[in-house]
Amino acid sequence: MTRQSALLVFPIDVPQSAAFARTAHQLGFKVVAASSEPMAADRYPDYLPAYLPYVTEHGFGAALAELLRTHGIDAVFAPHPAIWWHLRTLCQSAEFPVAFHVCNESPYEMDWQSYGEAYRWAEDCVNADFLTTGTATPGLPLSNLAGLYRGYNQIPGQSDNTKLRALTQIARQTAPGDIVEIGSLYGKSAFALAWLAKFHRIGSVVCVDPWELSAIRHQGEQASLINAAAPSRDWQQAFLGFAASLSVFDNVTYLRDTSGQAVERYRQAADAGNIRSDEFGSTPITGRISLLHIDGNHKYESVRQDVEAWRPLVQPGGWILLDDYVWAFGDGPRRAGDELLATGGAKTAFTAADTLFVQV
Ligand SMILES: C[S@@+](CC[C@H](N)C(=O)[O-])C[C@H]1O[C@@H](n2cnc3c(N)ncnc32)[C@H](O)[C@@H]1O
């Protein structure tokens with residue numbers, strides 16, 4: 001198969017086909033998008049539309065052979081189990097007049113792939129249990145951890161699976177209270193925090209983020225590449241993505257503001273007992289933070305201000321997490337984190353992935 005080759009995607013109208021066809025097109029393949037259903041001619045402007053009869057129809061084999069010949073196709077992507085099975089039989093038959101192969105594994109294997117990966121991570125997570133002490137609450141079942149992994153990895157963001165594993169551990173040693181996250185973007189780490197808060201009965205998650213370019217542009221001199229890229233993101237889209245990512249939870253809310261502005265609003269919300277939003281309704285707030293995740297502006301002055309403004313609200317035994325403590329684009333989180341450690345109030349401190357975890 002070369003870049004100029006044509007690929008047949010059949011049927012085009014299922015989600016796996018859409019993702020595969022897009023990647024193939026981006027790689028320079030000519031994509032022939034076929035369906036047995038009526039399809040508007042302009043439905044897939046980047047692909048060549050084609051009609052094929054249902055595989056159960058008498059003329060299917062002849063129509064397929066004609067399509068393969070016309071476009072010089074030698075590879076077919078077929079994510080539907082019955083169609084995949086039929087095409088595999090045809091391509092292995094000496095009687096079928098055109099040589100081709102089915103390029104994807106069995107759709108049943110495709111179905112299991114992301115679940116298998118999730119269960120492998122969940123098993124690693126249980127085996128790497130590093131915080132289990134008398135005070136830890138019981139871990140979650142494998143199926144629950146696998147569900148967390150799958151949901152988390154569907155959300156765009158920069159938090160990785162090593163950090164997720166550490167979060168599952170510390171959540172078991174987190175007292176009831178609020179979880180506050182500074183910097184949520186599309187809600188990847190917030191999803192993990194909300195999930196763990198729900199199943200370990202910790203409390204509500206408050207996500208603080210302006211989702212607004214003017215508030216976040218400058219992250220320090222060393223972060224010039226990140227500063228330069230920021231204007232090309234549509235920050236309202238990131239907010240909409242966040243709201244959708246977290247919409248399955250009833251223990252989440254947000255303050256659309258910078259960390260510095262939001263702290264006073266959080267205090268007022270604690271007095272009122274809740275935060276209201278159109279997307280999440282009324283969310284109870286205690287004003288006692290049991291886990292603070294700082295992942296906003298990474299300039300040294302900003303991270304230090306985040307720590308100074310929010311740390312007084314973190315209850316004894318609570319956690320403060322500094323994302324990007326190990327960072328290729330600057331040393332803001334490291335300097336602020338080292339200052340936090342130097343205050344001497346840490347019961348526990350460790351790094352996992354790029355994040356500093358401190359229990360105060
Ligand atoms: C690295 S992203 C957060 C990633 C997110 N935690 C995840 O898991 O994908 C940084 C976020 O911080 C937000 N941000 C920047 N400056 C901020 C500030 N002063 N206060 C709160 N959030 C801020 C940005 O809008 C951006 O969404």
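Numbering of ligands and ligand atoms starts at 1, following listing order.
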Task: Exceeds 12 heavy-atom contacts within 6.0 angstrom, atom OH of Tyr115 - done: no
Open item on the list: For Trp319 and Ser290, which I'm curious about, is there any donor-acceptor pair between the side chains at under 3.5 Å?
Closed with: no
- [ ] Answer yes if the ring centres of Phe199 and Trp195 are under 6.0 angstrom apart, and no otherwise.
- [x] yes
Open item on the list: So, regarding Ser184 and ligand 1 (criterion: nitrogen or oxygen to nitrogen or oxygen, under 3.5 Å), is there a contact or not?
Closed with: no
- [ ] Could you list which atoms of ligand 1 come closer than 4.0 Å to a heavy atom of Ser259?
- [x] 18 (C), 19 (N), 20 (N), 21 (C)
- [ ] Using the six-membered ring of Trp85, assess whether NZ or CZ of Arg88 lies under 6.0 Å from its centre and within 45 degrees of the ring axis.
- [x] no
Open item on the list: If the cut-off is 4.0 Å to any non-hydrogen atom of Asn297, which atoms of ligand 1 fall inside it?
Closed with: 15 (C), 16 (N), 17 (C)
Open item on the list: On a heavy-atom basis, I'd like to know which of Asp209, Ile294, Asp323 is closest to atom 26 (C) of ligand 1.
Closed with: Asp209
Open item on the list: Taking Arg265 first and then Asp257, would you say they form a salt bridge - that is, a charged N and a carboxylate O separated by under 4.0 Å?
Closed with: yes
- [ ] Could you find the nearest protein heavy atom to atom 23 (C) of ligand 1 and give me its residue, atom name and distance?
- [x] Pro210 CD, 3.5 Å
TODO: Determine the interplanar angle of the Phe357 and Phe350 rings, folded into 0 to 90°, and report it as parallel if under 30°, tilted if 30 to 60°, perpendicular if over 60°.
DONE: parallel
TODO: Calculate, to the nearest 0.5 Å, the distance between atoms CG and OG1 belonging to Leu140 and Thr168 respectively.
DONE: 8.0 Å
Task: Interfacing atoms of ligand 1 (cut-off 4.0 Å, heavy-atom, Trp235) - done: 24 (C), 25 (O), 26 (C), 27 (O)
Open item on the list: For Tyr186, state whether at least one heavy atom is located under 4.0 Å from any atom of ligand 1.
Closed with: no
Task: Any N or O of Ser159 closer than 3.5 Å to N or O of ligand 1 - done: yes
Open item on the list: Within the 4.0 Å heavy-atom shell around Gly157, which atoms of ligand 1 are there?
Closed with: 9 (O)
Task: Atom pair OG1/NZ of Thr351 and Lys163 - distance to nearest 0.5 Å - done: 12.0 Å
TODO: Quick one: look up the protein heavy atom nearest atom 7 (C) of ligand 1 and list residue, atom name and how far away it is.
DONE: Ser189 OG, 3.7 Å
Open item on the list: Any nitrogen or oxygen of Leu185 lying under 3.5 Å from a nitrogen or oxygen in ligand 1? Just yes or no.
Closed with: yes
Task: Shortest heavy-atom approach to atom 12 (O) of ligand 1 - which of Gly183, Ser302, Gly187 - done: Gly183
Open item on the list: Minimum distance, heavy atoms only, to atom 6 (N) of ligand 1: which one of Asp306, Asp257, Val303, Asp295 is it?
Closed with: Asp295
Task: Nearest protein heavy atom with distance in Å, relative to atom 16 (N) of ligand 1 - done: Ile216 CG2, 3.2 Å
TODO: For this output row, return yes or no: ring centroids of Phe249 and Phe191 closer than 6.0 angstrom.
DONE: yes
TODO: Check ligand 1 against Gln158 and write out every atom of the ligand that is under 4.0 Å from a heavy-atom position of the residue.
DONE: 1 (C), 9 (O)
- [ ] Could you list which atoms of ligand 1 come closer than 4.0 Å to a heavy atom of Val208?
- [x] 21 (C), 22 (N)
Open item on the list: Can you confirm whether Leu291 sits close enough to Ile170 that some side-chain heavy atom of one is under 4.5 Å from a side-chain heavy atom of the other?
Closed with: yes
